[in-house]
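Structure, as structure tokens:
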Amino acid sequence: MNRREILAASAASTFLGTGGCIADLDPRDENSTDLDDENTTDENTVSGCTSKAEWTGDITSGPADSDPDSIAGHRDCANADRPEPTGNVCETFELEKQNGEVDEFRSVGVEPYPEPPNTFDEEPLTEYVYEYEDAYQQNKAVSEYGERAYGAGAEILDDWGDPTRIRDIHDQITVVGIRFAPPVSYVTRDGTFVGDDNLSEQAVYGVDETGIVRIEEPYLDNDEKIVENPPNPVEDGDLLECF
């Protein structure tokens, strides 16, 4: 069943929560932290869904003596930040349709961010950015909706331009731009299933051996401006992680 079918079915459906009542969830509490287990779920373990009590690894620890021309040299690694949902974000839901059939859905859960590539050539870096954006969008949705998110991520539509052509924004930092759709599917607190395809968006990443930065731009059906004069993620973007 695709997202639009879910939307149509939910208008006349009965919501059955197999592990709790979604209507009682408080967005401020649904991502509470349990530090007893790094990858804990509740008693009703949901297959294929990962929860985290905490994120391991320090994204704020950059190199001790960073090159001033590197990402860590331009930015303060102590300020690195990215979506990292914690707590029990896994649940199973059932959607009863008018014909009596029941479809089962599970929370999408946490998506680990990819490790930096072994080589910082154009192809592995571009693939790394694709994977990073997918994890970024999924974890962003889970941070917002908690266990009620059952579909999220980034559908990469294409990349624009040639990263080697715009690499001279900074000599040592590769700049990669992508266009993507961030579809989100979630259950509202009153039990309605919602599928939001969202509009196309663009993000520009800067990556080197010391860190990764990101700036998001609206997609206006015209790539020329952003390709010819791309935004500067190093100076103006968000620092996501130092290596």
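Just so you know, these numbers come straight off a predicted model, no measurement behind them. The first residue in the sequence is number 1, and the count goes up from there.
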Just by distance, do the side chain of D134 and the backbone of G153 share a donor-acceptor pair under 3.5 Å?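 Flag not set: sc D134 to bb G153 has no pair under 3.5 Å.
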Nearest 0.5 Å, what's the [atom1]-[atom2] distance between [X] and [Y]?
X: E94; Y: T92; atom1: CD; atom2: OG1; result: 8.5 Å
X: K52; Y: T86; atom1: NZ; atom2: OG1; result: 11.0 Å
X: I178; Y: T126; atom1: CD1; atom2: OG1; result: 10.0 Å
X: D121; Y: E127; atom1: CG; atom2: CD; result: 14.0 Å
X: R179; Y: E201; atom1: CZ; atom2: CD; result: 11.5 Å
X: H74; Y: D67; atom1: NE2; atom2: CG; result: 8.5 Å

Under the side-chain contact (heavy atoms from CB on, under 4.5 Å) test, residues paired with A80 that sit two or more places apart: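 Residues passing side-chain contact (heavy atoms from CB on, under 4.5 Å) with A80: I59, T60, L239.
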Does N79 CG have over 12 foreign heavy atoms under 6.0 Å away?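 It does: N79 CG has more than 12 such atoms within range.
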Heavy-atom count around E131 CD within 6.0 Å, excluding the residue itself: above 12?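 Result for CD/E131: enclosed.
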Please tell me if the side chains of [X] and [Y] come closer than 4.5 Å, counting only heavy atoms from C-beta onward.
X: R106; Y: S47; answer: no
X: D208; Y: S70; answer: yes
X: F243; Y: P63; answer: no
X: I71; Y: C242; answer: no
X: V187; Y: F105; answer: no
X: V176; Y: Y130; answer: no

What residues form a ring-ring contact (aromatic ring centres under 6.0 Å, His included) with Y113, not counting sequence neighbours?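 ring-ring contact (aromatic ring centres under 6.0 Å, His included) check on Y113 returns W55, Y132.
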How far apart are the closest heavy atoms of [X] and [Y], and which atoms are they?
X: A154; Y: Q137; result: CB-CG, 3.9 Å
X: V213; Y: R75; result: CG1-NH1, 4.1 Å
X: A141; Y: A149; result: O-CB, 4.3 Å
X: V110; Y: Q138; result: C-NE2, 3.8 Å
X: V234; Y: I173; result: CG2-CD1, 3.8 Å
X: G195; Y: S185; result: CA-OG, 4.1 Å

Sequence neighbours excluded, which residues qualify as salt bridge (Lys or Arg N to Asp or Glu O under 4.0 Å) partners of E123?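 By the salt bridge (Lys or Arg N to Asp or Glu O under 4.0 Å) rule, E123 matches no residue at all.
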Check for me whether the distance between the ring centres of F193 and Y150 falls short of 6.0 Å.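 Judged by ring-centre distance (under 6.0 Å), F193 and Y150 do meet the cut-off.
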Derivation and outcome, side chain to side chain contact (heavy atoms under 4.5 Å, CB included), residues D238 and D81: CA-CA 8 Å; D238 297 321; D81 190 34; over 6 Å; no
Using the side chain to side chain contact (heavy atoms under 4.5 Å, CB included) rule, take Y205 and L240 through it: C-alpha gap first, then chi angles, then the decisive distance, then the call. CA-CA 10 Å; Y205 277 82; L240 302 180; 4.0 Å; yes
Assess whether a salt bridge exists between E84 and R82, defined as any Lys/Arg side-chain N lying under 4.0 Å from an Asp/Glu carboxylate O.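 The answer is yes: the pair qualifies as a salt bridge.
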